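Model, not experiment: these values are computed from the prediction. Naming: A, B, ... by sequence-line order, numbering from 1 per chain. Quick note: numbers below take in every heavy atom, side chains included, and nothing from hydrogens, waters or symmetry partners.
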Amino acid sequence: MTLAAARKSQEQDPAATGMLDLRGEALQVDPSGVVWWPDERLLIVADLHLEKGASLASRGALIPPYDTAATLARLGEAILRLRPARVIALGDSFHDEKVSTTLPEGLRQQLRGLMAGTEWVWIAGNHDPLPPADIGGDFTAELGLGPLLLRHEPQPGRARGEVSGHLHPAASVTVRGRSLRRRCAACDGERMILPAFGAYTGGLNLRDDAFRGLFDPARLNAYMLGARTIHRVSGRRIGYTG
Amino acid sequence: MNTEAAPVSPDLPPVFADWFSARGWAPRRHQLDLLAAREKGASVLLIAPTGAGKTLAGFLPSLIEIHTRGYKPATERPESPLRELMAAGDTRAALEAMREARKRPSRLHTLYVSPLKALAVDIARNLETPIAEMGLDIRVETRTGDTASARRQRQKSDPPDILLTTPEQIALLIASKEAEELFASLKTVVLDELHALVTSKRGDLLALGLARLRALSSNLRTVGLSATVADPDALRRYLVPQPREGEVLADLVMADPGAKPDVSILASDERVPWSGHTTRYAIPDIYRLISENNLTLVFVNTRSQAEMTFQELWAVNDDALPIALHHGSLDVGQRRKVEAAMAVGSLRAVVCTSTLDLGIDWGDVDQVIHVGAPKGASRLAQRIGRANHRINEPSRAVLVPSNRFEVMECRAAVAALAEGAQDTPPLMPGSLDVLCQHILGCAVGAPFDADDLFCEVASAAPYAHLNRETFDRALEFVATGGYALRAYERHARIRKRNDGKWRVANPRVAQTYRLNVGTIVEEAMLKVRLVKAGSRTPRGGMWLGEIEEWFVSQMEPGDTFIFAGHVLSLVGIRETEVYVSKTVSRDPKIPSYMGGKFPLSTYLAERVRDMVAEPKQWKLMGAQVAEWLRLQSLRSVNPGRDQLLVETFPRAGRHYLVCYPFDGRLCHQTLGMLLTRRLERMGARPMGFVASEYALAVWGLGDLSLLIDTGRLSLADLFDEDMLGDDLEAWLDESSLFKRTFRTCATIAGLIERRHPGKEKTGRQMTVSSDLIYDVLRTHEPNHILMQATRNDARTGQLDIGRLGAMLSRTRGRIVHKALDRVSPLAVPVLLDIGREFIAGEANEELLAEAADDLIREAMET
């Protein structure tokens, strides 16, 4: 095999590209943390938590106010690169209900810039149950697309074709005595949970009780977000027992 | 106290003079010197060895002053008429009486501050005796984090004469609305174990607290009690307010140094290992020494070494000698039991870490065994001082080196002790995160004027060089976060009101401050509980102690480790608890933090370099070490005292570069990070490195000897000081150590809240991890005051950048290169460490890829 061929084969290696099959649809986990559906030219992003910094500041924690700009910049980069026809924000896009009215004008412009030229759908989350005022885009509680159903919060038990967020999945693996932890997408071929995208969103280990019963442990893969690639690791390896 | 028959000083009031002479005692010279300082109203530093009656010396002036100040003690005051008046229905008179009672002057005269809660409690006990015997009307109380809140509240309205407390409690008292009244009568602050306090952030917090106390009470006098230190003037400055220009020193009293300790290095017939820190080879010798003495303290450098040594001693304990274990992770109840057993003399040995370093007197220790490297001469002297609390008899100590380099270090330490040389670390400028916390505390106490507070802060020695611009940035941070993007004005925590004074914006701010006060940011700790092996849903179980979360997070269920004196197997983790079971395994996976937490002192490092350079000294270190160094001079070379030896050689398909700065593991680790970055750029394809206290080894695929030989790699360029510029900045981006430092600074400064036990589950939505804040801040505001605080800390703390800079400049132009065909004798110890250490730096991505590769292989095989 030539070097170029080897590199090509590595790029096409499903473990590194983040390609996965969900109810027969080919989806791709992007290292930025969004999910790309090439056939539909559809970009899905979960848990943006815009203005989380400002929201916490109103409760006394004066953490740096740059999170919204940082989150939108990263999302903008993904949109520019993938050029989606449609963007679905999977809920908890705004950290609290007031944000869509209190969002500073500069950030509002930045967000509108991202939305221009794409069809944009806000899905309701527990932080933002109502449609955002004065920002645009469609609003819905759930969205069915072919075999897939997009909603914010995963329903208990096994759910066919569900794509959700809410739980902020992360995985840790031990390699040569060192424990490494990353945000990840989790998918067992039946349902998928996206990583949280916002700059101030943490992760919840897939081993946590909150994920219990959601996936088939034998078929679960965690798609850990690397610097430039996706690292696909089996559910067994990360200690998911069902 | 001693029994010399010196004439009683005429300065002593009769009741004190009688007390001394009734016991056939006389005050010591330094005790009288401290009384003289009181007469002058002067602040004073007392430097005295353990057992010199330091504590009584510190309190004697206060006891006399309180006794003679003419304050009418409570017992002699007429009974309060309040109750009678209320009963008689005379409300007006009762209210008058209440007002009168409130006007009663506070009696608080002396504050005693110690770094340890236990020490405060111990001192209170020791003070009660003379007070009772002299029949003095003096009330002594302690106030620590353990004091019940009702009692703490009462102490504010009705304080004792002498309050024994900690730096954190002082911060809390200053931030209370009673502060002004409470401290108006304060005359003296006694600071115990000052040498231990001043080199930490707690010392900064206390320095700022002292500055505040000086503003609240006029003519405040300080008395510092310290072990011997390298630079007494730094402590003398600390005790008195500093002017804007120049410096002022407190008086100095030096006690007689006492008998020289009798220190030897263990002469074992066993082979001293090349590397490692287990000291297994010496266990039978240590056991023999324990059995020959009444009570031995076995000091080790880390908790894991304590566990290991304890385990090994019991394995050979055929006579079932009562040997106990004492370290900071153990349950408090367990520690108290050990201390009590020591005090009553029912133990023969205690294996302990620095938890027994400071002056609590727990019994008649007649021997100290120091296992592992001493790290510093002064620290060793203080530990050895524990072996005898009678000043005129020499303390006895045996040093047990755990490897060959440590033999040299022990030898250097013994020589330093003989000369009385001191190597306590220098005092650092005050930290900015502590300043932020103090500013908020001041506002919580009472409204302040920024100009006044600045002058007050700058009068504290650690902040004497603080400029106004930095102070204002700290103030801005406290108010609104201090971001260039002024987004949080309306959420301000403190606000400047119309009278120009800063006040707390709302009561919640004060509440949050009180919950977060202090400078000790613990690693996240998990409770360890013992359950039955194989239990699927573990619950309950005996509480063994606490363990660092990061350590547990590296383990898988089934992994074994030593803790609380048992070999344990990890069953599982649930929320904040770790479930373990006992195991029969004899080969535990021991904690990875094998090296000491304290770096080798620069002073000892210098002496060790001298010894390596000077063949005449080799035979002092025993035949094994002498032979090892002789072989080194045959195969390679022993570096001169200011030279840096760099060896390159191939081994098993890889190429190694080993250098010997002898500057401590932290410094070498930072050097390793930076060297691998540079080697990468120079095309030498480095793969990893390992750092020890003495040496650094880097390995890779490129033939380093050849690269140097052909001039493609210049060692002078490689070790150039400019690595502390851009390379350092770039590396800090990724350094998890740096992120940990940031977390500490952000917590102390009040940006993020402490984790309080039981509150970890407040929900992931409510808090933001400090790593995420760091990432955002680094990109958007790299010069924020907390980033500055973090960089300052990194310089001295975990990255030891200051020392690395000194090493690079010391060895500039003095690099000696040896291209060898195989590993040199001096390089063996550090190469043996490979495999026990993590691969550092950027390897994470590749390791992740490897985890993914496993899966591919799995897939291909089926």
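For the atom pair Thr512(B) OG1 and Arg59(A) CZ, the distance stands at 13.0 Å (nearest 0.5 Å). To the nearest 0.5 Å, atoms CG (Leu772(B)) and OG1 (Thr201(A)) are separated by 7.0 Å. For the atom pair CG of Leu62(A) and NE2 of His491(B), the computed distance is 8.5 Å after rounding to the nearest 0.5 Å.
When the options Leu786(B), Ile773(B), Asp775(B) are evaluated for a side-chain contact (heavy atoms from CB on, under 4.5 Å) with Pro64(A), the one that passes is Ile773(B).
Side-chain N or O atoms of Tyr200(A) include none that pairs as donor or acceptor with a backbone N or O of Val776(B) at under 3.5 Å.
Residue Leu751(B) comes nearest to Ile63(A) through the heavy atom pair CD1-CA, 3.8 Å, listed as atom of the first residue, atom of the second, then distance.
With a 4.5 angstrom heavy-atom cutoff, Ala479(B) touches chain A only via backbone atoms.
The choice from Ala199(A), Ala70(A), Ser58(A) that makes the most heavy-atom pairs within less than 4.5 Å of chain B is Ser58(A).
By the 30° and 60° cut-offs, the orientation of the rings of Tyr66(A) relative to Tyr483(B) is perpendicular.
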